[in-house]
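A, B, ... follow the sequence lines: proteins, then strands. Residue 1 opens every chain.
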Protein chains: 2
Amino acid sequence: MATDTSQRILDIAERLVQTRGFNGFSYADIAGSLKVTKASLHYHFPAKADLGQRLIERYERNFLAALEKIDASGKDAREKLRRYAAIYEEVLRADRMCLCGMLAAEYGTLPKPMRDEMRHFFDANERWLVRVLQEGRKAKVLRFSGTPAEAAQTLIGALEGAMMIARSYGDVARFKAVGDRVLEGLNA
Amino acid sequence: MATDTSQRILDIAERLVQTRGFNGFSYADIAGSLKVTKASLHYHFPAKADLGQRLIERYERNFLAALEKIDASGKDAREKLRRYAAIYEEVLRADRMCLCGMLAAEYGTLPKPMRDEMRHFFDANERWLVRVLQEGRKAKVLRFSGTPAEAAQTLIGALEGAMMIARSYGDVARFKAVGDRVLEGLNA
DNA sequence: GTCTATAGGTGGATAGAC
DNA sequence: GTCTATCCACCTATAGAC
(Lines give C-alpha, C1' and ligand atoms only; values in the text may rest on other atoms or scores of the structure.)
Protein backbone atom coordinates (compact mmCIF):
# COMPACT_ATOMS: atom_id res chain seq x y z
CA MET A 1 0.00 0.00 0.00
CA ALA A 2 0.99 3.63 -0.32
CA THR A 3 1.45 4.45 3.34
CA ASP A 4 3.28 1.40 4.63
CA THR A 5 6.39 1.73 6.75
CA SER A 6 8.88 1.70 3.88
CA GLN A 7 7.06 4.58 2.22
CA ARG A 8 6.92 6.56 5.43
CA ILE A 9 10.65 6.05 5.92
CA LEU A 10 11.23 7.27 2.38
CA ASP A 11 9.02 10.30 2.97
CA ILE A 12 11.01 11.36 6.01
CA ALA A 13 14.38 10.57 4.45
CA GLU A 14 13.42 12.49 1.34
CA ARG A 15 12.67 15.60 3.33
CA LEU A 16 15.94 15.23 5.27
CA VAL A 17 18.04 14.86 2.11
CA GLN A 18 16.29 17.80 0.47
CA THR A 19 16.93 20.06 3.46
CA ARG A 20 20.17 18.75 4.98
CA GLY A 21 21.78 16.56 2.33
CA PHE A 22 22.55 12.85 2.27
CA ASN A 23 25.55 13.35 4.58
CA GLY A 24 23.55 15.67 6.81
CA PHE A 25 21.16 13.20 8.39
CA SER A 26 21.32 9.82 10.13
CA TYR A 27 19.11 6.82 10.77
CA ALA A 28 18.62 8.27 14.25
CA ASP A 29 16.91 11.32 12.70
CA ILE A 30 14.44 9.15 10.81
CA ALA A 31 13.88 6.92 13.84
CA GLY A 32 13.11 9.98 15.97
CA SER A 33 10.61 11.31 13.44
CA LEU A 34 8.90 7.98 12.84
CA LYS A 35 9.08 6.84 16.48
CA VAL A 36 10.69 3.52 15.73
CA THR A 37 14.21 2.30 16.53
CA LYS A 38 17.18 2.52 14.23
CA ALA A 39 17.28 -1.28 14.02
CA SER A 40 13.80 -1.31 12.47
CA LEU A 41 14.97 0.97 9.72
CA HIS A 42 17.76 -1.42 8.84
CA TYR A 43 15.15 -4.12 8.30
CA HIS A 44 13.62 -2.04 5.49
CA PHE A 45 16.85 -0.56 4.16
CA PRO A 46 19.89 -2.63 5.24
CA ALA A 47 22.41 0.09 4.42
CA LYS A 48 22.07 3.84 4.06
CA ALA A 49 23.25 3.51 0.47
CA ASP A 50 20.22 1.29 -0.26
CA LEU A 51 17.93 3.90 1.20
CA GLY A 52 19.61 6.58 -0.88
CA GLN A 53 19.24 4.64 -4.08
CA ARG A 54 15.57 3.83 -3.52
CA LEU A 55 15.03 7.48 -2.67
CA ILE A 56 16.29 8.65 -6.04
CA GLU A 57 14.34 5.97 -7.91
CA ARG A 58 11.10 7.03 -6.28
CA TYR A 59 11.84 10.72 -6.73
CA GLU A 60 12.45 10.22 -10.44
CA ARG A 61 9.27 8.18 -10.84
CA ASN A 62 7.21 10.90 -9.19
CA PHE A 63 8.95 13.62 -11.15
CA LEU A 64 8.38 11.88 -14.48
CA ALA A 65 4.74 11.32 -13.54
CA ALA A 66 4.40 15.08 -13.04
CA LEU A 67 5.95 15.66 -16.46
CA GLU A 68 3.47 13.25 -18.02
CA LYS A 69 0.67 15.26 -16.46
CA ILE A 70 2.11 18.36 -18.11
CA ASP A 71 2.18 16.53 -21.44
CA ALA A 72 -1.42 15.44 -20.96
CA SER A 73 -2.51 19.04 -20.42
CA GLY A 74 -2.27 19.63 -24.17
CA LYS A 75 -0.88 23.14 -23.61
CA ASP A 76 1.76 24.61 -25.90
CA ALA A 77 5.49 24.19 -25.28
CA ARG A 78 5.84 27.61 -23.70
CA GLU A 79 3.22 26.80 -21.08
CA LYS A 80 4.76 23.37 -20.53
CA LEU A 81 8.07 24.99 -19.64
CA ARG A 82 6.31 27.36 -17.26
CA ARG A 83 4.78 24.38 -15.50
CA TYR A 84 8.14 22.64 -15.46
CA ALA A 85 9.66 25.62 -13.64
CA ALA A 86 6.63 25.74 -11.35
CA ILE A 87 7.52 22.27 -10.05
CA TYR A 88 10.86 23.58 -8.87
CA GLU A 89 9.17 26.58 -7.33
CA GLU A 90 6.82 24.41 -5.31
CA VAL A 91 9.70 22.36 -3.96
CA LEU A 92 11.50 25.53 -2.92
CA ARG A 93 8.34 26.88 -1.32
CA ALA A 94 8.43 23.81 0.95
CA ASP A 95 11.93 24.97 2.00
CA ARG A 96 13.49 22.10 0.09
CA MET A 97 16.09 21.72 -2.60
CA CYS A 98 15.63 19.41 -5.58
CA LEU A 99 16.71 15.99 -4.31
CA CYS A 100 19.12 15.44 -7.17
CA GLY A 101 20.45 18.99 -7.12
CA MET A 102 21.35 18.34 -3.51
CA LEU A 103 23.01 15.04 -4.37
CA ALA A 104 24.92 16.65 -7.24
CA ALA A 105 26.72 18.78 -4.66
CA GLU A 106 27.54 15.69 -2.61
CA TYR A 107 28.59 13.74 -5.68
CA GLY A 108 32.15 13.26 -4.45
CA THR A 109 31.00 11.28 -1.41
CA LEU A 110 28.18 9.20 -2.93
CA PRO A 111 28.33 5.44 -3.55
CA LYS A 112 28.33 4.54 -7.24
CA PRO A 113 24.73 3.26 -7.43
CA MET A 114 23.49 6.63 -6.16
CA ARG A 115 25.70 8.50 -8.62
CA ASP A 116 24.29 6.49 -11.49
CA GLU A 117 20.66 6.96 -10.41
CA MET A 118 21.23 10.69 -9.97
CA ARG A 119 22.57 11.13 -13.47
CA HIS A 120 19.71 9.04 -14.78
CA PHE A 121 17.34 11.61 -13.28
CA PHE A 122 19.07 14.47 -15.06
CA ASP A 123 19.20 12.51 -18.30
CA ALA A 124 15.46 11.85 -18.14
CA ASN A 125 14.82 15.53 -17.41
CA GLU A 126 16.94 16.51 -20.38
CA ARG A 127 15.14 14.12 -22.71
CA TRP A 128 11.77 15.55 -21.73
CA LEU A 129 12.97 19.12 -22.16
CA VAL A 130 14.54 18.35 -25.52
CA ARG A 131 11.21 17.04 -26.74
CA VAL A 132 9.31 20.10 -25.50
CA LEU A 133 11.92 22.48 -26.88
CA GLN A 134 11.77 20.85 -30.31
CA GLU A 135 7.99 20.92 -30.22
CA GLY A 136 8.04 24.60 -29.30
CA ARG A 137 10.52 25.51 -31.99
CA LYS A 138 8.49 23.71 -34.61
CA ALA A 139 5.32 25.51 -33.46
CA LYS A 140 7.26 28.80 -33.50
CA VAL A 141 6.44 29.62 -29.86
CA LEU A 142 10.03 28.96 -28.73
CA ARG A 143 13.35 30.05 -30.13
CA PHE A 144 16.91 29.22 -29.10
CA SER A 145 20.40 28.94 -30.54
CA GLY A 146 22.46 25.75 -30.41
CA THR A 147 21.11 22.26 -30.02
CA PRO A 148 17.96 21.42 -28.05
CA ALA A 149 20.20 19.37 -25.71
CA GLU A 150 22.35 22.42 -24.94
CA ALA A 151 19.29 24.54 -24.32
CA ALA A 152 17.86 21.84 -22.05
CA GLN A 153 21.09 21.55 -20.06
CA THR A 154 21.22 25.31 -19.69
CA LEU A 155 17.67 25.40 -18.39
CA ILE A 156 18.21 22.58 -15.89
CA GLY A 157 21.41 24.16 -14.60
CA ALA A 158 19.88 27.61 -14.32
CA LEU A 159 16.88 26.35 -12.36
CA GLU A 160 18.92 24.11 -10.06
CA GLY A 161 21.45 26.85 -9.38
CA ALA A 162 18.86 29.57 -8.84
CA MET A 163 16.98 27.26 -6.53
CA MET A 164 20.00 26.48 -4.41
CA ILE A 165 21.00 30.09 -3.95
CA ALA A 166 17.46 31.35 -3.42
CA ARG A 167 17.03 28.78 -0.66
CA SER A 168 20.06 30.23 1.14
CA TYR A 169 18.33 33.59 1.10
CA GLY A 170 14.97 32.12 2.09
CA ASP A 171 13.66 34.03 -0.91
CA VAL A 172 11.27 32.24 -3.27
CA ALA A 173 10.63 35.47 -5.18
CA ARG A 174 14.29 35.57 -6.11
CA PHE A 175 13.94 32.14 -7.72
CA LYS A 176 10.76 33.13 -9.48
CA ALA A 177 12.33 36.26 -10.96
CA VAL A 178 15.27 34.26 -12.30
CA GLY A 179 13.04 31.47 -13.62
CA ASP A 180 10.81 33.95 -15.46
CA ARG A 181 13.86 35.61 -17.01
CA VAL A 182 15.27 32.31 -18.22
CA LEU A 183 11.96 31.20 -19.76
CA GLU A 184 11.50 34.62 -21.33
CA GLY A 185 14.83 34.13 -23.10
CA LEU A 186 13.34 31.13 -24.90
CA ASN A 187 10.27 32.90 -26.27
CA ALA A 188 10.02 33.22 -30.03
CA MET B 1 53.95 34.43 5.63
CA ALA B 2 51.95 32.85 2.83
CA THR B 3 52.87 29.20 3.40
CA ASP B 4 52.70 28.91 7.17
CA THR B 5 50.78 26.08 8.78
CA SER B 6 47.45 27.90 8.99
CA GLN B 7 47.54 28.61 5.28
CA ARG B 8 48.45 25.03 4.44
CA ILE B 9 45.56 23.82 6.57
CA LEU B 10 43.24 26.17 4.73
CA ASP B 11 44.57 24.98 1.36
CA ILE B 12 43.81 21.36 2.17
CA ALA B 13 40.47 22.11 3.80
CA GLU B 14 39.46 24.24 0.83
CA ARG B 15 40.08 21.40 -1.58
CA LEU B 16 38.17 19.01 0.66
CA VAL B 17 35.13 21.28 0.93
CA GLN B 18 35.14 21.94 -2.81
CA THR B 19 35.22 18.23 -3.61
CA ARG B 20 33.39 16.58 -0.68
CA GLY B 21 31.49 19.34 1.09
CA PHE B 22 31.83 20.76 4.60
CA ASN B 23 30.06 17.73 6.08
CA GLY B 24 32.08 15.37 3.91
CA PHE B 25 35.50 15.73 5.51
CA SER B 26 37.00 15.60 8.99
CA TYR B 27 40.03 16.95 10.83
CA ALA B 28 41.50 13.48 10.39
CA ASP B 29 41.50 13.98 6.61
CA ILE B 30 43.45 17.23 6.91
CA ALA B 31 45.81 15.72 9.47
CA GLY B 32 46.53 12.82 7.16
CA SER B 33 47.27 15.10 4.23
CA LEU B 34 49.41 17.52 6.21
CA LYS B 35 51.08 14.83 8.34
CA VAL B 36 50.31 16.43 11.67
CA THR B 37 47.93 15.30 14.40
CA LYS B 38 44.32 16.35 14.73
CA ALA B 39 45.19 18.11 18.00
CA SER B 40 47.57 20.44 16.15
CA LEU B 41 44.79 21.52 13.85
CA HIS B 42 42.68 22.53 16.82
CA TYR B 43 45.46 24.88 17.91
CA HIS B 44 45.05 26.83 14.66
CA PHE B 45 41.27 26.45 14.32
CA PRO B 46 39.67 25.56 17.67
CA ALA B 47 36.40 24.40 16.14
CA LYS B 48 35.50 23.20 12.67
CA ALA B 49 33.07 26.10 12.38
CA ASP B 50 36.01 28.51 12.84
CA LEU B 51 37.88 26.77 10.05
CA GLY B 52 34.82 26.96 7.83
CA GLN B 53 34.34 30.65 8.44
CA ARG B 54 37.98 31.54 7.77
CA LEU B 55 37.80 29.38 4.65
CA ILE B 56 34.98 31.43 3.17
CA GLU B 57 36.63 34.73 4.14
CA ARG B 58 39.84 33.78 2.34
CA TYR B 59 37.97 32.38 -0.65
CA GLU B 60 36.04 35.61 -1.05
CA ARG B 61 39.20 37.73 -0.73
CA ASN B 62 40.92 35.71 -3.44
CA PHE B 63 37.85 35.77 -5.64
CA LEU B 64 37.45 39.53 -5.35
CA ALA B 65 41.15 39.96 -6.11
CA ALA B 66 40.61 38.03 -9.34
CA LEU B 67 37.68 40.30 -10.19
CA GLU B 68 39.86 43.36 -9.60
CA LYS B 69 42.38 41.94 -12.04
CA ILE B 70 39.60 41.65 -14.58
CA ASP B 71 38.66 45.27 -13.95
CA ALA B 72 42.28 46.31 -14.35
CA SER B 73 42.45 44.62 -17.76
CA GLY B 74 40.54 47.54 -19.27
CA LYS B 75 38.59 45.17 -21.54
CA ASP B 76 34.95 45.79 -22.39
CA ALA B 77 32.07 44.41 -20.31
CA ARG B 78 31.47 41.51 -22.66
CA GLU B 79 35.05 40.30 -22.28
CA LYS B 80 34.90 40.86 -18.53
CA LEU B 81 31.95 38.48 -18.29
CA ARG B 82 33.79 35.94 -20.38
CA ARG B 83 36.69 36.08 -17.93
CA TYR B 84 34.27 35.86 -15.03
CA ALA B 85 32.89 32.61 -16.42
CA ALA B 86 36.43 31.43 -17.12
CA ILE B 87 37.16 31.55 -13.38
CA TYR B 88 34.37 29.04 -12.77
CA GLU B 89 35.65 26.89 -15.60
CA GLU B 90 39.14 26.74 -14.13
CA VAL B 91 37.76 25.64 -10.75
CA LEU B 92 35.76 22.90 -12.45
CA ARG B 93 38.78 21.84 -14.46
CA ALA B 94 40.48 21.14 -11.11
CA ASP B 95 37.56 18.79 -10.33
CA ARG B 96 36.22 21.22 -7.77
CA MET B 97 32.95 22.98 -7.15
CA CYS B 98 32.76 26.66 -6.23
CA LEU B 99 33.30 26.71 -2.46
CA CYS B 100 30.18 28.75 -1.83
CA GLY B 101 28.07 26.82 -4.33
CA MET B 102 28.95 23.74 -2.34
CA LEU B 103 28.08 25.42 0.95
CA ALA B 104 24.79 26.68 -0.48
CA ALA B 105 23.71 23.06 -0.83
CA GLU B 106 24.69 22.38 2.78
CA TYR B 107 23.05 25.57 3.99
CA GLY B 108 20.61 23.72 6.25
CA THR B 109 23.41 22.28 8.37
CA LEU B 110 25.80 25.24 8.54
CA PRO B 111 26.46 27.33 11.66
CA LYS B 112 25.18 30.90 11.37
CA PRO B 113 28.58 32.59 10.91
CA MET B 114 29.24 30.41 7.87
CA ARG B 115 25.80 31.12 6.45
CA ASP B 116 26.38 34.84 6.76
CA GLU B 117 29.83 34.71 5.17
CA MET B 118 28.50 32.60 2.33
CA ARG B 119 25.77 35.05 1.48
CA HIS B 120 28.28 37.86 1.71
CA PHE B 121 30.25 36.13 -1.04
CA PHE B 122 27.22 35.96 -3.33
CA ASP B 123 26.29 39.57 -2.52
CA ALA B 124 29.79 40.74 -3.45
CA ASN B 125 29.62 38.73 -6.69
CA GLU B 126 26.29 40.26 -7.52
CA ARG B 127 27.55 43.81 -6.88
CA TRP B 128 30.50 43.28 -9.21
CA LEU B 129 28.29 41.80 -11.92
CA VAL B 130 25.74 44.59 -11.60
CA ARG B 131 28.49 47.12 -12.19
CA VAL B 132 29.81 45.28 -15.25
CA LEU B 133 26.31 44.73 -16.64
CA GLN B 134 25.47 48.42 -16.29
CA GLU B 135 28.76 49.35 -17.88
CA GLY B 136 28.08 46.99 -20.78
CA ARG B 137 24.56 48.21 -21.31
CA LYS B 138 25.74 51.81 -21.37
CA ALA B 139 28.46 50.93 -23.88
CA LYS B 140 25.87 49.04 -25.93
CA VAL B 141 27.83 45.79 -25.91
CA LEU B 142 25.38 44.10 -23.54
CA ARG B 143 21.62 43.94 -23.53
CA PHE B 144 19.19 42.42 -21.03
CA SER B 145 15.66 42.83 -19.77
CA GLY B 146 14.79 43.48 -16.15
CA THR B 147 17.09 45.00 -13.56
CA PRO B 148 20.86 44.51 -13.56
CA ALA B 149 20.46 42.76 -10.20
CA GLU B 150 18.08 40.21 -11.69
CA ALA B 151 20.40 39.62 -14.62
CA ALA B 152 23.32 39.20 -12.21
CA GLN B 153 21.43 36.71 -10.05
CA THR B 154 20.44 34.77 -13.14
CA LEU B 155 24.03 34.59 -14.29
CA ILE B 156 25.38 33.47 -10.91
CA GLY B 157 22.70 30.82 -10.57
CA ALA B 158 23.19 29.53 -14.10
CA LEU B 159 26.95 29.21 -13.69
CA GLU B 160 26.76 27.60 -10.24
CA GLY B 161 24.09 25.17 -11.35
CA ALA B 162 25.80 24.25 -14.60
CA MET B 163 29.03 23.76 -12.72
CA MET B 164 27.50 21.43 -10.18
CA ILE B 165 25.82 19.23 -12.74
CA ALA B 166 28.77 19.22 -15.14
CA ARG B 167 30.98 18.04 -12.30
CA SER B 168 28.70 15.05 -11.76
CA TYR B 169 29.26 14.12 -15.39
CA GLY B 170 32.99 14.84 -15.22
CA ASP B 171 32.36 16.98 -18.29
CA VAL B 172 33.96 20.42 -18.42
CA ALA B 173 32.84 20.87 -22.03
CA ARG B 174 29.25 20.63 -20.88
CA PHE B 175 29.82 23.56 -18.53
CA LYS B 176 31.58 25.55 -21.21
CA ALA B 177 28.74 25.05 -23.69
CA VAL B 178 26.19 26.25 -21.15
CA GLY B 179 28.35 29.17 -20.05
CA ASP B 180 28.83 30.33 -23.64
CA ARG B 181 25.09 30.11 -24.26
CA VAL B 182 24.28 32.18 -21.19
CA LEU B 183 26.81 34.87 -22.05
CA GLU B 184 25.61 34.90 -25.65
CA GLY B 185 22.14 35.73 -24.37
CA LEU B 186 23.52 38.96 -22.91
CA ASN B 187 25.11 40.23 -26.11
CA ALA B 188 23.71 43.44 -27.60
C1' DG C 1 53.28 24.63 18.06
C1' DT C 2 53.07 19.93 18.12
C1' DC C 3 52.59 15.84 20.46
C1' DT C 4 50.06 11.65 23.24
C1' DA C 5 46.14 10.37 25.29
C1' DT C 6 41.53 10.49 25.99
C1' DA C 7 36.93 12.12 26.73
C1' DG C 8 32.18 12.04 25.21
C1' DG C 9 29.32 11.60 21.60
C1' DT C 10 27.31 9.86 17.24
C1' DG C 11 27.79 7.24 12.96
C1' DG C 12 26.10 2.88 10.42
C1' DA C 13 25.28 -1.71 11.21
C1' DT C 14 24.33 -6.56 13.43
C1' DA C 15 22.59 -10.43 16.69
C1' DG C 16 19.02 -12.41 18.64
C1' DA C 17 14.64 -12.21 21.56
C1' DC C 18 9.78 -11.39 20.95
C1' DG D 1 8.53 -6.32 11.79
C1' DT D 2 10.00 -4.28 15.79
C1' DC D 3 12.45 -4.44 19.80
C1' DT D 4 16.93 -4.32 23.24
C1' DA D 5 21.51 -4.54 23.41
C1' DT D 6 25.75 -3.99 21.60
C1' DC D 7 29.87 -3.39 18.40
C1' DC D 8 33.27 -0.69 16.51
C1' DA D 9 34.70 2.98 13.77
C1' DC D 10 34.71 7.66 13.53
C1' DC D 11 33.67 12.36 15.00
C1' DT D 12 34.84 16.98 17.34
C1' DA D 13 37.20 18.62 20.99
C1' DT D 14 40.22 19.08 25.28
C1' DA D 15 44.06 18.31 28.83
C1' DG D 16 48.53 18.46 29.63
C1' DA D 17 53.46 17.02 28.55
C1' DC D 18 57.27 18.44 25.65
- NZ/NE/NH1/NH2 to OD/OE distance under 4.0 Å, B:Arg167 and B:Asp95: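 Not counted as a salt bridge, because no side-chain N and carboxylate O are separated by less than 4.0 Å.
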- Message: Taking any heavy-atom pair under 4.0 Å as a contact, classify B:Phe45: base, sugar-phosphate, or nothing.
- Response: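 The answer is nothing, as B:Phe45 stays clear of every strand by at least 4.0 Å.
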- Sugar-phosphate, base or nothing in reach of A:Tyr43, heavy atoms under 4.0 Å: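 It contacts base atoms.
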Pairs: protein N or O with nucleotides 3-7 of chain C N or O, under 3.5 Å:
residue: C:dC3; atom: OP2; partner: B:Thr37; partner atom: N; Å: 2.8
residue: C:dC3; atom: OP2; partner: B:Thr37; partner atom: OG1; Å: 3.1
residue: C:dC3; atom: OP2; partner: B:Ser40; partner atom: OG; Å: 2.7

- ring pair (Phe, Tyr, Trp, His ring centres under 6.0 Å) contacts in which one or both residues fall within residues 90-112 of chain B, not counting sequence neighbours: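 Qualifying pairs, neighbours excluded: none.
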- Message: Over 60° means perpendicular and under 30° means parallel, so tell me whether B:Phe63 and B:Phe121 are parallel, tilted or perpendicular.
- Response: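 Rings of B:Phe63 and B:Phe121: perpendicular, as their planes differ by over 60°.
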- Who passes side chain to side chain contact (heavy atoms under 4.5 Å, CB included) against B:Arg58, sequence neighbours left out?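 B:Arg58 satisfies side chain to side chain contact (heavy atoms under 4.5 Å, CB included) with B:Gln7, B:Leu10, B:Asp11, B:Glu14, B:Arg61, B:Asn62 only.
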Would you list the atom pairs, donor with acceptor, under 3.5 Å between side chains in residues 168-179 of chain A and any protein atom, with sequence neighbours excluded?
residue: A:Ser168; atom: OG; partner: A:Met164; partner atom: O; Å: 3.3
residue: A:Tyr169; atom: OH; partner: B:Arg119; partner atom: O; Å: 3.0
residue: A:Tyr169; atom: OH; partner: B:Asp123; partner atom: OD1; Å: 2.7
residue: A:Asp171; atom: OD1; partner: A:Ala173; partner atom: N; Å: 3.2
residue: A:Asp171; atom: OD1; partner: A:Arg174; partner atom: N; Å: 3.1

- Pull out every residue in residues 47-54 of chain A that has a heavy atom closer than 4.0 Å to any atom of DNA chain C, ordered by number, or say none.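 Hits under 4.0 Å, by residue number: A:Ala47, A:Lys48.
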- Item | Flag for A:Thr154-B:Arg181: side-chain donor and acceptor within less than 3.5 Å |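 Yes, side-chain donor-acceptor contact under 3.5 Å.
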- Give a yes/no on whether any side-chain N or O of A:His42 is located under 4.0 angstrom from OP1 or OP2 of D:dT2.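 So the side-chain polar atoms of A:His42 never come under 4.0 Å of the phosphate oxygens OP1 or OP2 of D:dT2.
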- Task: Any chance you could lay out the side-chain contact (heavy atoms from CB on, under 4.5 Å) test for A:Ser6 and A:Tyr43, step after step, and finish with the verdict?
- Result: CA-CA 10 Å; A:Ser6 289; A:Tyr43 168 81; over 6 Å; no
- Task: Kindly write out the residues that satisfy ring pair (Phe, Tyr, Trp, His ring centres under 6.0 Å) with A:Phe122, not counting sequence neighbours, or none if the list is empty.
- Result: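 Ring pair (Phe, Tyr, Trp, His ring centres under 6.0 Å) check on A:Phe122 returns nothing, list empty.
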